[in-house]
Amino acid sequence: MALSYESTRGGEKGVTSSQAILKGLAKDGGLFMPTEIPALDLPIRELAGLSYQETAYRIMRLFLTDFTEEELKNCIAKAYDEKFDTEEIAPLTKAEGAYFLELYHGNTIAFKDMALSILPHLMTTAAKKNHVDHQIVILTATSGDTGKAALAGFADVPGTKIIVFYPKGGVSRVQELQMRTQKGDNTSVVAIHGNFDDAQTGVKKLLADKELEQEMGEAGFQFSSANSINIGRLVPQIVYYVYAYAKLLENGEIAEGEEINVTVPTGNFGNILAAYFAKRMGLPIKTLICASNENKVLYDFFATGTYDRNREFVLTNSPSMDILISSNLERLIYLSTGCDAKATGELMKELSSQGSYHVTEQMRAFMSDFVGGFATEEEDEAEIRRIFEDTGYLVDTHTGVAAAVYHQYQEKTGDETKTVIASTASPFKFSHSVMEAIKGKDAVEGKDEFEIVDALSSLAAVPVPKAVEEIRTAPIRHNLECDVDGMKDMVKGILKI
């Protein structure tokens with residue numbers, strides 16, 4: 001049965017999945033949502049033993065109903081291939097009594113690869129299906145990981161260009177080098193003088209700019225987005241939670257139907273929302289533990305029912321979570337209103353004009369599957385050090401936040417439910433912070449990034465990932481910078497319009 005999509009703010013209805021992927025953002029500024037979240041159409045025991053690619057097809061075909069079997073399988077085969085350094089694509093490692101779901105084995109060593117490896121193929125297939133003759137311009141804001149993963153995914157893909165904005169000084173050195181050394185004649189990278197929220201807000205404004213849309217159309221271009229606001233990013237993320245559960249079942253770690261908890265370090269809310277979608281599809285997930293760093297806007301929201309971005313923006317050692325406007329939360333808000341687009345739109349207007357909104361008790365009750373927690377930098381560092389000293393297992397700064405919050409939750413509730421922790425990046429992506437957490441400031445003082453990378457590799461007896469080796473000597477190819485209010489002119493300059 002065909003599933004259609006509609007805007008969370010009511011301005012568009014009856015949109016196919018391929019059209020939603022192409023558009024990225026609805027015309028009214030809302031996010032596309034399926035008219036229903038489909039149920040798993042086979043028993044979970046039948047998923048146990050399937051490959052990642054087979055699992056991906058079983059899940060994604062339920063959401064992307066206007067893609068043919070051949071089209072979807074072709075996209076999946078191109079996405080989940082030898083660019084991943086493990087055959088399993090998303091292996092599970094048991095440590096500290098939890099199961100770390102390693103989502104960083106793609107070619108940019110972060111979880112964004114899991115969706116951004118397939119999005120270019122979904123998008124170019126969608127363009128053909130919808131007879132698009134314009135060149136698609138992917139416009140993306142990044143807090144560090146999305147940018148590189150999107151650049152790698154779209155580099156030299158025919159019929160596309162990609163422009164990535166990132167906050168200057170707001171990403172790790174490895175993240176910055178990964179972006180600034182990116183090859184591809186269709187790639188552009190711009191450092192903005194501001195934080196991630198400035199970049200994300202700027203991109204959303206450009207995507208909704210009607211005057212710019214007309215100018216672009218006349219020049220033969222149309223915008224789309226690779227940010228997690230795109231439903232083509234969210235759907236592939238559901239897959240790895242289903243795959244993780246099936247693996248636990250296959251390995252005898254859980255019984256069929258046994259509930260698990262899922263802990264996710266999150267800033268923009270997309271990764272944990274995907275786990276929630278999996279739960280709504282019928283996956284036995286009990287509690288979704290939403291882990292924040294010191295920019296704890298989501299923790300405060302789940303604790304109080306008030307979303308308030310009016311606070312100091314903190315730069316932390318987990319920069320991909322340094323976010324105060326969690327875009328994907330709008331999708332959960334929409335569901336919690338009973339899919340009331342008018343009510344959702346009003347709350348988003350309040351967020352835009354006042355910087356905050358408050359949800360009803362009924363909406364809070366709807367969201368009771370979620371529990372918020374946060375970890376300070378000190379708690380994050382202590383967790384990274386403790387896990388390594390106790391088990392020899394190395395985690396990055398974002399996974400450290402998740403592990404710390406998981407243990408806080410466990411101590412507070414006594415809940416012993418088996419738990420999957422989303423491990424969202426390779427520790428080598430944040431080697432400076434990880435080494436400092438394990439060995440102290442003296443271990444990193446006066447050393448450059450790659451000396452620290454080598455020392456960390458030696459300490460943990462883990463090889464340096466190929467993605468880090470590649471940027472060690474790669475030439476810088478991107479040097480563009482602009483102020484936030486110069487983003488539009490920058491885009492027009494890059495596109496020569």
Side-chain angles (χ1 to χ4, degrees), residues 7-10 25-26 28-33 141 143 167 194-205 208 227-229 234 263-277 287-316 318-376 401-402 405 409:
S7 168
T8 49
R9 303 185 194 179
L25 194 68
D28 58 3
L31 309 189
F32 285 111
M33 278 286 285
S143 54
N195 60 38
F196 169 73
D197 288 329
D198 297 324
Q200 181 169 252
T201 301
V203 163
K204 281 185 168 181
K205 278 184 184 166
N227 277 92
S228 56
I229 53 177
L234 185 64
T263 305
V264 185
T266 191
N268 222 1
F269 203 71
N271 201 4
I272 196 165
L273 185 69
Y276 176 69
F277 271 48
T287 302
L288 296 142
I289 302 163
C290 179
S292 300
N293 64 16
E294 289 175 64
N295 293 291
K296 55 188 182 69
V297 65
L298 286 166
Y299 166 77
D300 291 339
F301 172 69
F302 285 117
T304 66
T306 297
Y307 192 95
D308 187 358
R309 66 171 172 83
N310 299 312
R311 62 183 72 203
E312 183 189 355
F313 184 92
V314 186
L315 287 172
T316 73
S318 47
S320 298
M321 297 159 68
D322 291 346
I323 293 172
L324 295 181
I325 303 172
S326 302
S327 286
N328 268 289
L329 187 62
E330 181 171 342
R331 288 187 163 112
L332 181 65
I333 295 294
Y334 176 70
L335 290 170
S336 75
T337 63
C339 302
D340 184 333
K342 187 165 183 267
T344 305
E346 289 300 322
L347 290 172
M348 294 308 115
K349 266 189 206 160
E350 284 178 40
L351 180 63
S352 180
S353 61
Q354 299 163 34
S356 67
Y357 60 81
H358 188 77
V359 299
T360 66
E361 284 306 312
Q362 192 177 358
M363 289 165 71
R364 286 189 72 189
F366 180 92
M367 296 184 249
S368 61
D369 293 326
F370 291 87
V371 172
F374 77 97
T376 63
V401 167
V405 167
Y409 167 82

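Only heavy atoms go into these numbers, but all of them, side chains included; no hydrogens, no water, no symmetry mates.
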Which heavy atom of [X] sits nearest a heavy atom of [Y], and at what distance?
| X | Y | result |
| --- | --- | --- |
| K204 | L25 | O-CD2, 4.3 Å |
| M367 | S336 | CE-OG, 3.8 Å |
| N293 | S318 | ND2-OG, 3.0 Å |
| P265 | A402 | CD-CB, 3.7 Å |
| G267 | L298 | O-CD1, 3.8 Å |

Any chance you could measure [X], atom [atom1], to [Y], atom [atom2], to the nearest 0.5 Å?
| X | Y | atom1 | atom2 | value |
| --- | --- | --- | --- | --- |
| M348 | D28 | CE | CG | 12.0 Å |
| T263 | Y409 | OG1 | OH | 8.5 Å |
| M33 | T344 | CE | OG1 | 9.5 Å |
| L273 | N328 | CG | CG | 5.5 Å |
| L329 | F302 | CG | CZ | 6.0 Å |

Mark yes or no for whether [X], through its side chain, and [Y], through its backbone, hold a donor-acceptor pair below 3.5 Å.
| X | Y | answer |
| --- | --- | --- |
| N268 | G270 | no |
| Q200 | I325 | yes |
| S7 | R9 | yes |
| N271 | T266 | no |

Got [X] and [Y] here, is their nearest side-chain heavy-atom distance under 4.5 Å?
| X | Y | answer |
| --- | --- | --- |
| I272 | Y276 | no |
| K342 | T337 | no |
| S327 | N227 | no |
| I333 | Y357 | yes |
| S143 | P319 | no |
| Y334 | L31 | no |

**Request:** If a pair satisfies side chain to side chain donor-acceptor pair (under 3.5 Å) and one of its residues is in residues 297-313, list it, with sequence neighbours excluded.
**Result:** K296-D300, D300-R311, T306-H358, Y307-S326, D308-N310
**Message:** Can you confirm if the aromatic rings of F313 and F196 lie within a centre distance of less than 6.0 Å?
**Reply:** no
**Asked** Does the ring centre of F269 sit less than 6.0 Å away from the ring centre of F301?
**Response** no
**Asked** Cut-off 3.5 Å, side chains only: do E330 and T8 have a donor facing an acceptor?
**Response** yes
**Request:** Verify whether one side chain among N295 and D322 offers a donor that lies under 3.5 Å from an acceptor in the other.
**Result:** yes
**Complete:** Residues passing the side-chain contact (heavy atoms from CB on, under 4.5 Å) test with A275, sequence neighbours excluded, are Y241, V262, L288
